[in-house]
Amino acid sequence: MSVCCVTTSPEEEHTPKLDLGNVQTPLIFNPSVLNLQPNIPNQFIWPDDEKPCVDVPELDVPLIDLRNFLSNSDSVSSSSSSSSSTLEASRLISEACNKHGFFLVVNHGISEELISDAHDYMARFFDMPLSEKQRLLRKSGESCGYASSFTGRFSTKLPWKETLSFRFCDDKGRSKIVQDYFCDALGHGFEPFGKVYQEYCEAMSSLSLKIMELLGLSLGVNRDYFREFFEENDSIMRLNYYPPCQKPDLTLGTGPHCDPTSLTILHQDHVNGLQVFVENQWRSIRPNPKAFVVNIGDTFMALSNNRYKSCLHRAVVNSESERKSLAFFLCPKKDRLVKPPRELLDSNTPRRYPDFTWSMLLEFTQKHYRADMNTLQAFSDWLTNKPI
């Protein structure tokens, strides 16, 4: 059986500096084998102050109905009712992003059939033998590919999960990049996989740009500013699989982190597991099959000049049910300069972060820093040659 040597994702980790030394022969994360043991390996046991809570209260997350906004966003003129619904949506988003950066969107225009297909193909992939999944093994220093936990890169605080990440480009020159990824890596028998995720990513990109319009309105910026900034986005799609764990009180499915990316659009299955740290307490976001969970990432926090905050969150596991989720991470074109618009700068609110590109922040999280709640500030210090 081959050893899984993987690198970290752009949103996953929690220890400030990379644990690049003293990594012994990597443990192979194979849940079907590990779950036969009475205990879990020590590498998956988290410190007491980071272990999951048994019961946490539910987070009051605003529900944003996009029906009127989407139906009128391309119209030359819109009715007063649709305008008021757009203003209400932007107000709710502003309120959420000033508090914790999480909100739900419904009537989002994505077909239930497409979402169902994306979940079905995700289940098929993770049901494959380990050796087959490892044909897509993530290479060291890269953000895409198959990862069984992060056993090849870190030796402590490992997440109890498997992931498959792949790149999506909203670029006419790479119009079938997702479909080609599956066919090139796994053969033409996986063309149906590629077609579903190509369509899903295109839908997520389109929805992201619409949400960017609302974010612009909520910040008092030109409605088109952020949408145009993220056109030709170079984003990441991730399939998350959290197997049942015999000791769920000792480990985490995903460690506490803020997403370094710009915007995350998540669809959960029916199993609870997402938790957000708000007002010094962990709170859960209950799965809603008709809604997407949306949250702000570090890159957009920099774009908003710290007006909107990315929020610490994690995923917990349980002993009875597997859990799966679909995550689309919106990222700008890699060479696009990230800096806030003039409308968000004045004598009372100077620049909070230096200019940077997404490729620079991605490299930082892959090679220099295990992402946590302080990633953006640590990255800023790194850019200005300050010690981390």
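Worth knowing before you read on, the calculation uses all heavy atoms, side chains too, and leaves out hydrogens, waters and symmetry mates.
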Quiz item: Given Y241 and S325, is the side chain to side chain donor-acceptor pair (under 3.5 Å) satisfied, shown in steps?
Solution: CA-CA 7 Å; Y241 174 63; S325 65; over 6 Å; no

Self-check item: Residues S205, N233; criterion side chain to side chain donor-acceptor pair (under 3.5 Å); working and verdict
Solution: CA-CA 8 Å; S205 177; N233 62 81; 2.9 Å; yes

Practice problem: Test ring pair (Phe, Tyr, Trp, His ring centres under 6.0 Å) on Y369 and F379 and set out the steps. | Solution: CA-CA 8 Å; Y369 194 87; F379 174 62; 9.6 Å; no

Quiz item: Do H108 and K210 pass the side-chain contact (heavy atoms from CB on, under 4.5 Å) test, and can you show the C-alpha distance, the side-chain angles, and the key distance before you say yes or no?
Solution: CA-CA 10 Å; H108 38 65; K210 293 299 184 183; over 6 Å; no

Exercise. Tell me, with the steps shown, if M212 and L263 meet side-chain contact (heavy atoms from CB on, under 4.5 Å).
Key: CA-CA 9 Å; M212 281 296 159; L263 190 77; 4.0 Å; yes

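The aromatic rings of F182 and Y197 sit parallel to each other, their planes meeting at less than 30°, with 60° as the upper class boundary. Classified by interplanar angle (parallel below 30°, tilted 30° to 60°, perpendicular above 60°), the ring pair F126/Y146 is tilted.
Annotation: R286, atom CZ; neighbour count of heavy atoms from other residues, nucleotides and ligands within 6.0 Å does not exceed 12. No more than 12 heavy-atom neighbours from other residues, nucleotides or ligands sit within 6.0 angstrom of CZ on R67. Counting heavy-atom neighbours within 6.0 Å of E58 CD, excluding the residue itself, gives a total above 12. When the shell of 6.0 Å around CD of Q37 is examined, it contains more than 12 heavy atoms from other residues, nucleotides or ligands. Residue D60 qualifies as open at atom CG: its count of foreign heavy atoms under 6.0 Å is 12 or below. In the displayed structure, D49 atom CG is contacted under 6.0 Å by more than 12 heavy atoms of other residues, nucleotides or ligands. More than 12 non-hydrogen atoms from other residues, nucleotides or ligands lie less than 6.0 angstrom from NZ of K51.
Side-chain polar atoms of T163 and N240 form no donor-acceptor pair below 3.5 angstrom. Between H257 and D259, the side chains place a donor N or O and an acceptor N or O closer than 3.5 Å (distance only, hydrogens not considered). Side-chain contact annotation: N306 with Y353, donor-acceptor N/O pair under 3.5 Å present. For the residue pair S359 and D335, no side-chain donor N or O sits within less than 3.5 Å of a side-chain acceptor on the partner. Between the side chains of Y242 and T254, a donor-acceptor pair is found at a separation under 3.5 Å. A donor-acceptor pair shorter than 3.5 Å cannot be found between the side chains of N295 and H100.
A donor-acceptor contact shorter than 3.5 Å is absent between the side chain of N374 and the backbone of Q377. At distances below 3.5 Å, not a single donor-acceptor pair connects side-chain atoms of D355 with backbone N or O atoms of L337. Between the T365 side chain and the L362 main chain, a donor and an acceptor come within less than 3.5 Å of each other. The backbone N or O of E113 sits nowhere less than 3.5 Å from a side-chain atom of S116 that would complete a donor-acceptor pair. The backbone N or O of C331 lies less than 3.5 Å from a partner atom in the side chain of S235, making a donor-acceptor pair. With hydrogens and angles ignored, the 3.5 Å screen pairs no side-chain donor or acceptor of Q275 with any backbone N or O of W282.
Note that the OG atom of S90 and the CG atom of L217 stand 5.5 Å from one another [nearest 0.5 Å]. The CH2 atom of W160 lies 10.0 Å from the CD1 atom of I45; values are rounded to the nearest 0.5 Å. For the atom pair CD1 (I296) and OG (S304), the distance works out to 7.5 Å, reported to the nearest 0.5 Å. Once rounded to the nearest 0.5 Å, the distance linking CZ of F166 with CD of Q179 reads 12.0 Å. Atom CG of N107 sits about 7.5 Å away from atom CG of L66, to the nearest 0.5 Å. Rounding to the nearest 0.5 angstrom, the gap separating the CD atom in E202 from the OG atom in S175 is 8.0 Å.
Between P248 and S319, some side-chain heavy-atom pair lies under the 4.5 Å cut-off. In this structure, the side chains of Q246 and P38 stay at 4.5 Å or more apart for every pair of heavy atoms. Residues T86 and N68 have side chains not in contact (no heavy-atom distance under 4.5 Å, counting atoms from C-beta outward). Counting heavy atoms from C-beta on, the side chains of I40 and L250 come closer than 4.5 Å. Side-chain contact between E213 and L209: absent, with no pair of heavy atoms (C-beta onward) separated by less than 4.5 Å. A 4.5 Å side-chain heavy-atom check between L266 and L326 finds every atom pair outside the cut-off. With a 4.5 Å cut-off on side-chain heavy atoms, I236 and F168 do not count as touching. In this structure, the side chains of W46 and L158 stay at 4.5 Å or more apart for every pair of heavy atoms.
Listed here is the closest heavy atom pair of N35 and C245: OD1-CA, 3.9 Å. When every heavy atom of N272 is checked against every heavy atom of R323, the shortest pair comes out as O-CD, 3.7 Å. The two residues S111 and L114 come nearest to each other via the heavy atoms OG-N, 3.0 Å. Looking at every heavy atom in both residues, P243 comes nearest to P31 through CG-CG, 3.4 Å. The two residues L312 and C258 have their closest heavy-atom pair at N-SG, 3.6 Å. Closest of all the heavy-atom pairs between V178 and G194 is CG1-O, 4.1 Å.
Taking the six-membered ring for Trp and the full ring otherwise, the centers of F125 and F193 sit at least 6.0 Å from each other. Ring pair F364/W382: centre-to-centre distance below 6.0 Å. The aromatic ring centroids of F226 and F229 lie 6.0 Å or more from each other. Remark: aromatic rings of H267 and F328 are distant, center separation not under 6.0 Å.
Salt-bridge check for E50 with R314: failed, with every basic side-chain N at 4.0 Å or more from each acidic carboxylate O. Using a 4.0 Å cut-off between a side-chain N of Lys or Arg and a carboxylate O of Asp or Glu, R167 and D234 qualify as a salt bridge. Ion pairing between a basic and an acidic side chain is recognised when a charged N comes within 4.0 Å of a carboxylate O; K99 and E95 show no such pairing. A salt bridge links K133 with E162: at least one charged nitrogen is closer than 4.0 Å to a carboxylate oxygen. Using a 4.0 Å cut-off between charged nitrogen and carboxylate oxygen, D127 and R124 do not count as a salt-bridge pair.
When the side chains of ILVMFWY residues are joined at heavy-atom separations under 4.5 Å, either directly or via intervening members, M128 and L137 end up in a single hydrophobic cluster. The hydrophobic clustering, which links ILVMFWY residues whose side-chain heavy atoms are closer than 4.5 Å, places L345 and L215 apart. Note: the hydrophobic cluster containing L274 does not contain V271 (ILVMFWY, side chain heavy atoms under 4.5 Å, direct or indirect links).
E232 pairs in a salt bridge (charged side-chain N to carboxylate O under 4.0 Å, His left out) with only one of the listed residues (R227, K334, K333, R336), which is K333.
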